[in-house]
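Numbered from 1 within each chain, the chains take letters A, B, ... in sequence-line order.
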Amino acid sequence: MSNTPTQHQDNALNNAPSGHYVPTPDDMDLWISWLLRGGVLISLAFLVLGTVLTFLHHPNYLTTAISTHALKNPTEGDVPTHVVGIFDMIKYGQGQGFVALGLLVLIPTPVMRVALSVVTFWLEKDRAFVLITAGVLSLLILSLVLGKAG
Amino acid sequence: MSPLELCGGIFGISVLAGALGALLGLGGGIIVVPALTLLFGLDIRFAIGASIISVIATSSGAAAAYVRDHMTNMRTAMFLELGTTVGAITGAYLAGVIGGRWLFIVFGLVMGYSAVVMLRNRHQKDLVVPPDAWADKLNLHGEYYDEAEHRLVKYKVTHTPLGLGLMWIAGVVSGLLGIGSGALKVPAMDLAMRLPMKVSSATSNFMIGVTAAASAGVYFARGDIDPFIAAPVAAGVLLGATAASKLLPKLHNKTIRIAFVLVLLWVSGEMLLKGVRLG
């Protein structure tokens, strides 16, 4: 967590003249960094919890190879494809539901970072980059919508 | 093989894939897909679903450290992401119009050539790059503290419009072929825009995560992401990428470059082979 000397100088210069606190780009980098770490840890916790639950519910998974083939070739109903299905699985305490929730937390992390950048560039009053990041975010949403339609 | 052994084996491979992907700016699909299909006998459909998860996990696991250490040039990444996303959408529409065979051969050759030029540039240090009005106007230049050289490295970005165009091509190609997005982005940033090698790989690492996240919803809805397989992939890759991201500032640009060139040559060979076999 050590900052380089120049970063400390930047902070001092930015915050000293004005009476109220203005976040510097370095502060924002730190916030984004912590947010990313939080998302990753939550996701990891669900992934581990779900996998442990799965093995607890199916002790035969630990020793015999009987179920391996079925697990490698899941049928339609075994793989969750929508959010409601995931919460149903969690309600019944199924480990795979928790795993799917962990994946659902993980998947949007990079897009969230783009969304956060729109906010940070806005705070920095960087008009050009507010437009650029908002454009990227719209294109990502567009490709998501187009993908679902196709 | 019991399900526990399957899970453990996939986890182990994924730690390696995450570490390599985070250091070189690649998604880790290069390791995950062949390992899952050849070593563990999984269906290619679920292997590709798992590799999308692996790309996102590589990017997210490494991002916390790369943002904090200023290894990622966020402004350049965001600007170039415009080209990549438009390219990915273009590629999705061109699929079926353009045949895969020649694309595999052409881009296999492009990657092979890039690898050779990148290797030739391995001795260069801080470069004086041609001035670029776009990079000045958008303020894309950056600096990072290099723990290997124990100094603050200031660098200038150049050929911004060319970089944007190359990112569009990278987006189209990865949309069409489903591979090679990191393997095209890093050479574009290194050879055209002259970013330091470590910055190129960290910036590519961020960009591939964004693109993969946008397409992951489709794979999920299609039922291609099997949680039993994706869990050890995601967990392993996250751990590997997080560990490697702490290592990157300490490694020399030259080391990263040589490792990247080797992987790029391998990918190039694979693509050429695929192109020849498709015929």
K.L.:
Roughly how far, to the nearest 0.5 Å, is the CG atom of L142(A) from the CD1 atom of I89(B)?
P.N.:
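Here the interatomic distance stands at 4.5 Å.
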
K.L.:
List the steps and the verdict of side-chain contact (heavy atoms from CB on, under 4.5 Å) for L44(A) and L239(B).
P.N.:
CA-CA 9 Å; L44(A) 206 54; L239(B) 290 178; 4.1 Å; yes

K.L.:
Report, as yes or no, whether the 6.0 Å neighbourhood of atom NE2 on H69(A) holds more than 12 heavy atoms from other residues, nucleotides or ligands.
P.N.:
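Open: at most 12 neighbouring heavy atoms sit under 6.0 Å from NE2 of H69(A).
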
K.L.:
Report the distance from atom CZ of F129(A) to atom CG of L140(B), rounding to the nearest 0.5 Å.
P.N.:
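Taking CZ in F129(A) and CG in L140(B), the distance rounds to 5.0 Å.
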
K.L.:
Take a 6.0 Å sphere around NZ of K250(B) and say whether it holds more than 12 heavy atoms from other residues, nucleotides or ligands.
P.N.:
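Counting neighbours around NZ of K250(B), more than 12 heavy atoms of other residues, nucleotides or ligands fall under 6.0 Å, so yes.
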
K.L.:
Measuring from atom CG of L82(B) to atom CG of L131(A), what distance do you get when rounded to the nearest 0.5 angstrom?
P.N.:
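So the CG of L82(B) and the CG of L131(A) are separated by 10.0 Å.
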
K.L.:
Testing the basics here: between I132(A) and M78(B), what is the closest heavy-atom pair and its distance to 0.1 Å?
P.N.:
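Heavy atoms only, the tightest pair is CG2-O, 3.7 Å.
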
K.L.:
Could you tell me which of T72(B), V210(B), I53(B) has the largest number of non-hydrogen atom pairs under 4.5 Å with chain A?
P.N.:
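Of the options given, most contacts go to V210(B).
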
K.L.:
Of the backbone (N, CA, C, O) and the side chain (C-beta and beyond), which part of F228(B) lies under 4.5 Å from a heavy atom of chain A, both, or neither?
P.N.:
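Both parts, backbone and side chain.
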
K.L.:
With a 4.0 Å cut-off on N to O distance, would you call K72(A) and D226(B) a salt bridge?
P.N.:
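Salt bridge: no.
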
K.L.:
With chain B as the partner, which of I141(A), V111(A), L140(A) has the greatest number of non-hydrogen pairs under 4.5 Å?
P.N.:
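Top option by heavy-atom pairs under 4.5 Å: L140(A).
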
K.L.:
Please report the interatomic distance OG(S67(A)) to CG(L4(B)), rounded to the nearest 0.5 Å.
P.N.:
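Between atom OG of S67(A) and atom CG of L4(B) there are 12.0 Å.
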
K.L.:
Measure across V136(A) and E81(B) and return the closest heavy-atom pair with its distance rounded to 0.1 Å.
P.N.:
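Smallest heavy-atom distance, with atoms named: CG1-CG, 3.6 Å.
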
K.L.:
Look at T109(A), L71(A), L47(A) and state which one has the largest set of heavy-atom pairs under 4.5 Å with chain B.
P.N.:
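Maximum pair count with chain B is reached by L71(A).
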
K.L.:
Distance from N73(A) atom CG to F46(B) atom CZ, nearest 0.5 Å?
P.N.:
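One gets 7.5 Å once the value is rounded to the nearest 0.5 Å.
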
K.L.:
List the steps, then state whether side-chain contact (heavy atoms from CB on, under 4.5 Å) holds for V40(A) with S60(B).
P.N.:
CA-CA 7 Å; V40(A) 164; S60(B) 307; 4.0 Å; yes

K.L.:
Which atoms form the tightest heavy-atom contact between F206(B) and V114(A), and what is the distance?
P.N.:
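Taking every non-hydrogen atom into account, CZ-CG2, 4.3 Å.
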
K.L.:
Could you tell me the separation between the CZ atom of R68(B) and the CG atom of L36(A), rounded to the nearest 0.5 Å?
P.N.:
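Going from the CZ atom of R68(B) to the CG atom of L36(A) covers 11.5 Å.
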
K.L.:
Side chain, backbone, both or neither: which part of I107(A) has a heavy atom under 4.5 Å from chain B?
P.N.:
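Contact with chain B involves both backbone and side-chain atoms of I107(A).
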
K.L.:
As an exercise: rank L138(B), N139(B), I52(B), D224(B) by heavy-atom pairs under 4.5 Å with chain A and give me the winner.
P.N.:
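Heavy-atom pair counts peak at L138(B).
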
K.L.:
In terms of heavy-atom pairs under 4.5 Å, which option from T84(B), T85(B), L36(B), I229(B) contacts chain A the most?
P.N.:
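Top option by heavy-atom pairs under 4.5 Å: T85(B).
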
K.L.:
Where is the tightest heavy-atom contact between P227(B) and V99(A), given as atom of each residue plus distance?
P.N.:
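The answer is O-CG1, 3.5 Å.
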
K.L.:
What pair of heavy atoms forms the shortest contact from L106(A) to L238(B), and how long is it?
P.N.:
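That closest heavy-atom pairing would be CD1-CD2, 4.1 Å.
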
K.L.:
Side chain, backbone, both or neither: which part of T64(A) has a non-hydrogen atom closer than 4.5 Å to chain B?
P.N.:
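Only the backbone of T64(A) comes within 4.5 Å of chain B.
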
K.L.:
Where on S117(A) is there a heavy atom nearer than 4.5 Å to chain B: the side chain, the backbone, both, or neither?
P.N.:
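When you check distances to chain B, only side chain atoms of S117(A) fall under 4.5 Å.
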
K.L.:
Hey, is the main chain of T63(A) close enough, under 3.5 Å, to the side chain of S2(B) for a donor-acceptor pair?
P.N.:
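Flag not set: sc S2(B) to bb T63(A) has no pair under 3.5 Å.
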
K.L.:
Check whether A88(B) gets within reach of chain A through its side chain, its backbone, both or neither, counting any heavy atom under 4.5 Å.
P.N.:
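It is neither, since no heavy atom gets under 4.5 Å.
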
K.L.:
Quick check on I86(A) against chain B: is it the side chain, the backbone, both or neither that has a heavy atom closer than 4.5 Å?
P.N.:
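Side chain only.
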
K.L.:
Looking only at non-hydrogen atoms, find the nearest pair between M74(B) and R113(A) and report the distance.
P.N.:
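It is SD-NH2, 3.2 Å.
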
K.L.:
For chain B, which candidate among T81(A), T133(A), T51(A) shows the most heavy-atom pairs at distances under 4.5 Å?
P.N.:
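Ranked by heavy-atom pairs under 4.5 Å with chain B, first place is T81(A).
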
K.L.:
Please look at F121(A) and chain B and tell me whether the side chain, the backbone, both or neither of the residue comes under 4.5 angstrom of a heavy atom of that chain.
P.N.:
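Side chain only.
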
K.L.:
For residues F55(A) and C7(B), determine if any side-chain heavy atom of one lies less than 4.5 Å from a side-chain heavy atom of the other.
P.N.:
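Answer yes - side chains close enough.
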
